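Indexing begins at 1, ligand by ligand and atom by atom, following the structure's order. All values below were derived from every heavy atom in this structure, side-chain atoms included, with hydrogens, water molecules and symmetry-related copies excluded. In this text the structure is predicted, and so the values were computed from the model without any measurement.
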Amino acid sequence: MDLGLRGRKAIVCAASRGLGKACAMGLAKEGVDLVVTARTATVLEETAEEIRRATGVKVIAVAGDISTEEGRAATLAACPAPDILVNNAGGPPHGDFREWDRDAWIKAIDQNMLAPIFLIKAVVDGMCERKFGRIVNITSAGVKAPIPNLGLSNGARTGLTGFVAGLARQVARHNVTINSLLPGSILTDRSMEGAAHRARQANISIEDALAEATSAVPAGRYGDPKEFGDACAFLCAAQSGFIVGHNMQVDGGRFNATIA
Ligand code: NAP
């Protein structure tokens with residue numbers, strides 16, 4: 001299926017590794033030119049080159065922290081009028097809420113709630129004027145089924161989810177869609193960190209922690225980041241203009257519900 005995206009421009013945040021990188025690759029395969037971001041310039045440039053070589057699209061790498069004003073300004077300077085915005089950033093630390101002071105909360109909210117909101121604010125009116133826009137927020141399975149040791153993530157991302165639920169309905173008439181993808185158990189550096197945390201907590205090996213995690217996944221395995229990237233590209237498709245305000249898990253069926 002041709003997703004009708006050739007020649008479009010996308011900003012994909014936090015895209016040097018893991019899910020962001022997979023979304024960037026998924027869009028690039030459809031002929032979308034990219035601005036990709038991450039904090040570590042060397043890794044980001046390697047990823048940009050890998051995508052250029054694999055797909056032939058234009059890829060601009062903007063190194064910086066997307067949770068800061070400066071990081072967002074540099075990103076927007078490289079692509080002031082994107083057709084597609086994929087919001088993403090690192091996840092907050094695992095832990096117990098008793099350990100988190102105000103600074104820990106502000107950092108999580110900056111990264112996983114306010115950064116996407118300010119990027120949306122910067123680009124959404126232009127998308128409405130041009131009558132095309134696709135915004136995908138990478139949130140977490142924890143938005144629908146809270147993860148006990150990830151309270152910072154549960155809280156900050158649910159704030160973003162509430163905000164975009166309203167905005168998605170205000171901009172849909174302009175062929176601008178806002179949807180969120182909720183990853184769960186997709187094999188990236190972040191999920192390896194989660195397994196390491198669990199292994200320390202339960203005094204088990206990382207291998208056992210990984211096996212334990214997949215035992216709760218009906219698909220019986222970790223997800224491949226590529227599966228997530230392709231889901232993102234689908235939500236960005238020209239044909240997806242009537243898919244509005246969704247929170248779609250990509251989690252191998254782990255969220256147990258009759259209607260998800
Ligand atoms: P990952 O493998 O750790 O990759 C994170 C990427 O984001 C890296 O490219 C990293 O590069 C970049 N990054 C982190 N913080 C950034 C910042 N402030 N500004 C710019 N770039 C930043 O993580 P992932 O598994 O792809 O996860 C992506 C998001 O989905 C995270 O928020 C994670 O918590 C969430 N999530 C993932 C899963 C899963 O199954 N994998 C499940 C639930 C939620 P630098 O470090 O160089 O900046």
Can you pull out the closest protein heavy atom to atom 29 (C) of ligand 1? Residue, atom name and distance to 0.1 Å, please. Asn88 OD1, 3.2 Å
I'd like to know if the side chain of Gln239 and the backbone of Asp2 have a donor-acceptor N/O pair within less than 3.5 Å. yes
Looking only at distances, please establish whether an N/O atom of ligand 1 is found under 3.5 Å from an N/O atom of Thr37. no
Would the number of heavy atoms belonging to other residues, nucleotides or ligands and lying under 6.0 Å from CG of Asp101 be above 12? yes
Please determine whether residues Val12 and Val136 belong to a single hydrophobic cluster, defined as Ile, Leu, Val, Met, Phe, Trp and Tyr linked transitively by side-chain heavy-atom distances below 4.5 Å. yes
For the residue pair His94 and His197, categorise the inter-ring angle as parallel (less than 30°), tilted (30 to 60°) or perpendicular (more than 60°). parallel
Counting from 1, what ligand 1 atoms have a heavy atom of Ala89 closer than 4.0 Å? 29 (C), 31 (C), 32 (O)
Contact with ligand 1 for Leu44, non-hydrogen, under 4.0 angstrom: no
Below 4.0 Å from any atom of ligand 1, is there a heavy atom belonging to Pro92? no
Salt bridge check: are Asp103 and Lys107 linked by an N-O gap of less than 4.0 Å? no
Relative to the heavy atoms of Ile138, which atoms of ligand 1 are at a distance of less than 4.0 Å? 30 (O)
N or O pair under 3.5 Å between Arg157 and ligand 1: yes
Name the closest protein heavy atom to atom 18 (N) of ligand 1, giving the residue it belongs to and the distance to 0.1 Å. Asp65 OD1, 2.8 Å
Nearest protein heavy-atom contact for atom 42 (C) of ligand 1: which residue, which atom, what distance? Pro183 O, 3.3 Å
In this structure, atom 26 (O) of ligand 1 is nearest to the protein heavy atom Leu19 N, 2.7 Å
the protein heavy atom lying closest to atom 6 (C) of ligand 1 turns out to be Ala14 O, 3.7 Å
Tell me, which protein residue and heavy-atom name are nearest atom 15 (N) of ligand 1, and how many Å apart are they? Gly90 N, 3.1 Å
Does Asp83 use its side chain to pair, donor to acceptor, with the backbone of Lys9 at less than 3.5 Å? yes
Would you please determine whether Arg72 falls within less than 4.0 Å of ligand 1 on a heavy-atom basis? no
Quick check on contacts: which atoms of ligand 1 are under 4.0 angstrom from a heavy atom of Gly64? 19 (N), 20 (C)
Using heavy atoms and a threshold below 4.0 Å, how should the contact between Asp189 and ligand 1 be classified: side chain, backbone, both, or neither? both
If I apply the N/O under 3.5 Å rule, does Ile66 come out as touching ligand 1? yes
Can you check whether Phe234 reaches Ile243 side chain to side chain, under 4.5 Å on heavy atoms? yes
Nearest non-hydrogen protein atom, atom 47 (O) of ligand 1: Thr40 OG1, 2.6 Å
Report, in ascending order of atom number, the atoms of ligand 1 lying under 4.0 Å from any heavy atom of Ser16. 8 (C), 9 (O), 11 (O)
Glu69, CD: over 12 other non-hydrogen atoms inside 6.0 angstrom: no
Got more than 12 heavy atoms from elsewhere within 6.0 Å of NZ, Lys121? no
Which of the atoms in ligand 1, numbered in the order shown and given with their element, are less than 4.0 Å from a heavy-atom of Ile186? 39 (C), 40 (O), 41 (N)
Can you find an N or O of Gly91 that's nearer than 3.5 Å to an N or O of ligand 1? yes
Counting both backbone and side chain atoms, is some N or O of Arg17 under 3.5 Å from an N or O of ligand 1? yes
Do Pro183 and Ile138 come close enough that some side-chain heavy atom pair is under 4.5 Å? yes
Can a salt bridge be assigned to the pair Glu227 and Arg221 using a cut-off of 4.0 Å between side-chain N and carboxylate O? yes
Check ligand 1 against Gly18 and write out every atom of the ligand that is under 4.0 Å from a heavy-atom position of the residue. 2 (O), 26 (O)
What verdict does the side-chain contact (heavy atoms from CB on, under 4.5 Å) test give for Leu76 and Leu119, after you've listed the backbone C-alpha separation in whole Å, the side-chain angles of each residue and the deciding distance to 0.1 Å? CA-CA 8 Å; Leu76 291 163; Leu119 285 169; 4.1 Å; yes
Derivation and outcome, side-chain hydrogen bond (donor to acceptor under 3.5 Å, both in side chains), residues Ser185 and Arg254: CA-CA 9 Å; Ser185 306; Arg254 186 170 185 169; 3.1 Å; yes
Looking only at protein heavy atoms, which one is nearest to atom 46 (O) of ligand 1, and what is the separation? Arg39 NH2, 2.9 Å
Mark yes when over 12 heavy atoms from residues, nucleotides or ligands other than Asn256 sit less than 6.0 Å from its CG; otherwise mark no. no
The answer for which part of Gln111 has a heavy atom under 4.0 Å from ligand 1 is side chain
For ligand 1, which atoms have a heavy atom of Gly184 less than 4.0 angstrom away? 40 (O)
State the atoms of ligand 1, each with its element, that fall below the 4.0 Å cut-off from a heavy-atom position in Ser185. 40 (O)
